[in-house]
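The block underneath contains the structure these notes are about, expressed in structure tokens.
Residue numbering restarts at 1 for every chain, and letters A, B, ... go by the order of the sequence lines.
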Amino acid sequence: MEEVRTRFPPSPTGYLHIGGARTAIFNWLFAQKTGGKLILRIEDTDAERSSEESVQGIIDSMKWLGITWDEGPYFQSRFINEHVAAAQRLVESGHAYKCFCTKEDLDRKRKEARKKKTALQYDGTCRNLPPEEIAKKEAAGTPYTIRLKVPRGGGFVSFEDIVYGIIEKKYEDIEDFVIVRSNGRPLYILSNAVDDIRDGITHVIRGQDGLANTPKQILIYKGLGAPVPKFAHMSLTLDPKKAKISKRTHGELVAVHFYKERGFLPWAFVNYLALLGWSTPDSREIFSREELIEAFSLEGISRANAIFDIRKDDPKFFTDPKAISINTHYLRNLPVEEIEPYVREQLKKAGIWDPEFQGIKRDWFLRTVDLIRSRYHVTTDFATLGRAYFSDDYPIDPKALKKNILRHEGLKEWFPILADRLQAIETFTAEEAEQVIRETAEEFGVKAGILINGIRTAVTGQVAGPGLFDVLIAVGQRRVVERLHKAVTFFE
RNA sequence: GUCCCCAUCGUCUAGCCAGGUCCAGGACACCGGCCUUUCACGCCGGCAGCACCGGUUCAAAUCCGGUUGGGGACGCCA
């Protein structure tokens with residue numbers, strides 16, 4: 001069997017968004033699964049909207065996600081001559097023709113058609129121009145476009161889409177579409193097909209919005225005498241209002257880099273995206289890289305569009321809850337060493353990274369990360385909610401202060417006493433610390449919980465967290481004592 | 001206006017092709033309980049759906065037709 005070759009062809013007109021990432025992921029998975037290749041092709045023929053930064057941004061995002069490609073990036077703009085040459089061949093072989101209609105004429109006709117409520121297809125004015133007339137117009141320098149000559153008189157284009165099944169499109173429903181502009185530049189529909197032929201693409205896996213283009217592109221393949229690849233169109237990703245997600249209306253929320261910045265683990269994000277519109281019969285949801293590749297199949301892609309459940313302005317979820325929950329799952333269950341680099345990155349970004357966390361304090365660092373991770377959702381939480389573990393400069397949550405400290409006047413006196421007693425412990429263990437705290441509570445006739453919660457807030461700034469005695473060990477005797485002494489000032 | 005695609009809990013979906021085992025399963029979210037010094041985790045339980053109408057059939061989420069709804073494409077954008 002011939003080698004599978006898929007491609008991901010983003011146009012560099014902005015960052016990589018989740019729709020594009022999903023397309024890239026599916027192409028990548030299929031290539032990996034079949035032992036084939038993924039080709040990265042930058043479709044940069046729209047010079048005005050394309051930019052170097054976008055190319056880099058897309059590549060960065062793909063790298064972050066861990067989507068590797070085998071060839072490229074190729075740049076479509078380098079092959080324009082090839083595209084035009086292909087169009088010439090189509091003209092010579094009678095599969096395409098030159099059209100001298102002006103844009104103004106066409107606009108006028110289109111407007112009329114709209115008014116009369118008839119189809120707005122090209123009417124074929126130049127389809128059968130006698131050769132003399134073509135020569136005459138060309139000699140006069142009349143600009144022309146090249147249109148594909150769609151077969152007339154019954155019949156249809158048909159192909160079997162791997163996801164949608166057999167698709168048939170009547171010739172009469174396809175107009176003679178333009179493949180080369182009057183300025184000599186090729187159009188996407190042509191360039192894309194010609195590039196796919198040159199790159200030997202065997203499987204075109206793309207968004208369902210390409211479905212309508214497919215019959216046209218098949219006509220191009222056939223006209224060029226090239227083998228037609230297999231097509232697999234995937235459902236689109238919609239927003240909660242069922243509108244196509246777009247950079248314009250959703251901004252950063254749909255940008256891959258946004259998820260990197262907000263503390264997603266890249267594989268968790270890939271896992272989530274793979275689940276948007278794809279599933280296995282056993283409804284499994286968590287996959288390692290190897291498992292996903294093993295489980296992937298194009299047949300598992302759903303035909304119905306999926307909604308990316310972004311919740312703008314939701315205080316609890318800054319994006320699709322399912323995405324967060326998958327990230328949370330990985331954050332809790334991966335070996336700590338695997339999340340270590342991502343936590344490090346966040347602490348660095350927050351300016352509280354200490355190189356010793358990677359050196360002499362590494363064991364402590366990993367244990368601490370492990371201790372607190374079960375209540376975090378994204379890696380940025382380590383630098384915000386978990387700041388007190390890694391830095392002495394941490395904020396006290398006002399709510400926690402009120403509830404756990406200020407409400408209990410007695411703490412003003414107990415904190416220094418506790419500090420002294422904790423300091424006096426020779427080998428600072430959770431058990432020892434617990435004993436000291438419980439005895440102190442008893443001595444002053446106060447519930448241990450009051451002391452425990454008060455200390456927690458003083459030492460971590462939070463209302464909640466891991467079991468206090470483990471916290472004390474993680475924070476360390478010296479720092480605990482310091483923080484308790486300092487806590488007295490909260491009453492001023 | 002024309003053409004194409006789609007339709008199961010709030011969301012992602014399994015089941016549909018090969019009708020009965022489905023008074024529809026899982027996950028997230030939500031609610032309740034257990035655990036607990038707090039918050040999580042974990043465990044247990046709950047809420048919630050086959051868009052509608054008709055047909056075929058002993059039997060339909062599954063097959064057929066229609067309606068409605070949603071999406072996409074109709075550019076000398078990619």
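A/Thr249 places no side-chain N or O within 3.5 Å of a backbone atom of A/Ile245 that could act as its donor or acceptor partner. Side chain of A/Asp173 to backbone of A/Lys169: no donor-acceptor contact under 3.5 angstrom is found.
Side-chain contact annotation: A/Thr214 with A/Arg206, donor-acceptor N/O pair under 3.5 Å present.
Geometric assessment of A/Arg387 against the ring of A/Tyr389 yields a negative cation-pi assignment under the 6.0 Å and 45° thresholds. Cation-pi check for A/Arg41 over A/Phe8 is not met; the charged atom does not lie both under 6.0 angstrom from the ring centroid and within 45 degrees of its normal. A cation-pi geometry, defined here as NZ or CZ lying under 6.0 Å from the six-membered ring centre and within 45° of its normal, does not hold between A/Arg147 and A/Phe177.
Residue contacts for A/Pro466: at a heavy-atom cut-off of 4.0 Å it reaches a base atom on one of the strands shown. Among the atoms of the strands shown, only primed sugar atoms or phosphate atoms (P, OP1, OP2) are found under 4.0 Å from some heavy atom of A/Arg332. Among the protein residues, A/Ser302 comes within range of the sugar-phosphate backbone only, with heavy atoms under 4.0 Å from sugar or phosphate atoms but none that close to a base. Contact annotation for A/Leu468: base contact, defined as any heavy-atom pair under 4.0 Å involving a base atom. A/Ser182 comes within contact range of at least one nucleobase, with a heavy-atom separation under 4.0 Å. Residue-level contact check: A/Ala448 touches neither bases nor backbone, having no heavy atom under 4.0 Å from any strand. No contact: A/Ser50 has no heavy atom under 4.0 Å from any strand. At the heavy-atom level, A/Ser325 lies under 4.0 Å from the strands shown only through sugar-phosphate atoms.
Side-chain N/O atoms of A/Lys322 include none lying less than 4.0 angstrom from OP1 or OP2 on B/rU13. Residue A/Arg181 has a polar side-chain atom (N or O) positioned under 4.0 Å from OP1 or OP2 of B/rC77. Between A/Arg303 and the phosphate of B/rU8, there is no side-chain N or O to OP1/OP2 separation shorter than 4.0 Å.
Between A/Lys322 and A/Asp309, none of the side-chain N atoms (NZ, or NE/NH1/NH2) sits under 4.0 Å from a carboxylate O, so this pair counts as no salt bridge.
Side chain of A/Ser279, nearest nucleotide from B/rA14, B/rA27, B/rU37: B/rA14. Checking B/rU11, B/rC77, B/rC5 against every side-chain atom of A/Ile167, the shortest atom distance belongs to B/rC5.
Using Watson-Crick or G-U wobble geometry with both donor-acceptor distances under 3.5 Å, B/rA59 finds no partner in any strand shown. When both pairing distances are held under 3.5 Å, B/rC34 makes a Watson-Crick or G-U pair with B/rG42.
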In the 5'-to-3' direction, what one-character label does each nucleotide of nucleotides 68-74 of chain B receive under the scheme B = base within less than 4.0 Å of a protein heavy atom, S = sugar-phosphate only, - = no such atom?
--SSSSS
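Between the P atoms of B/rC58 and B/rC43, the separation comes to 48 Å (whole Å). Between B/rA7 and B/rG66, the distance separating the two C1' atoms is 15 Å to the nearest Å. Straight-line distance between the C1' atoms of B/rG42 and B/rC50: roughly 33 Å, to the nearest whole Å. Across B/rG45 and B/rC28, the matching P atoms stand 14 Å from one another, rounded to whole Å. B/rG25 and B/rG71: their C1' atoms are spaced 28 Å apart (whole Å). To the nearest whole angstrom, the two P atoms, one in B/rG32 and one in B/rC39, are 13 Å apart. Rounded to whole Å, the separation between the C1' atoms of B/rC30 and B/rU68 comes to 30 Å. Distance check on atom C1': B/rC52 versus B/rC44 gives 38 Å, rounded to whole Å.
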What's touching nucleotides 47-49 of chain B from the protein side, N or O pairs under 3.5 Å?
none

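When the ring-ring contact (aromatic ring centres under 6.0 Å, His included) test is applied to A/Phe269, the partners found at least two apart in sequence or on another chain are A/Tyr259, A/Phe264.
The minimum heavy-atom distance between A/Tyr164 and A/His233, with the atom names listed, is CE1-O, 3.3 Å.
Below the 3.5 angstrom threshold, one finds no donor paired with an acceptor across the side chain of A/Ser11 and the base of B/rA78. Between the side chain of A/Arg375 and the base of B/rC39, a donor-acceptor pair under 3.5 Å is found.
Contact annotation: the side chain of A/Asn192 approaches that of A/Arg7 to within less than 4.5 Å [non-hydrogen atoms, C-beta and beyond].
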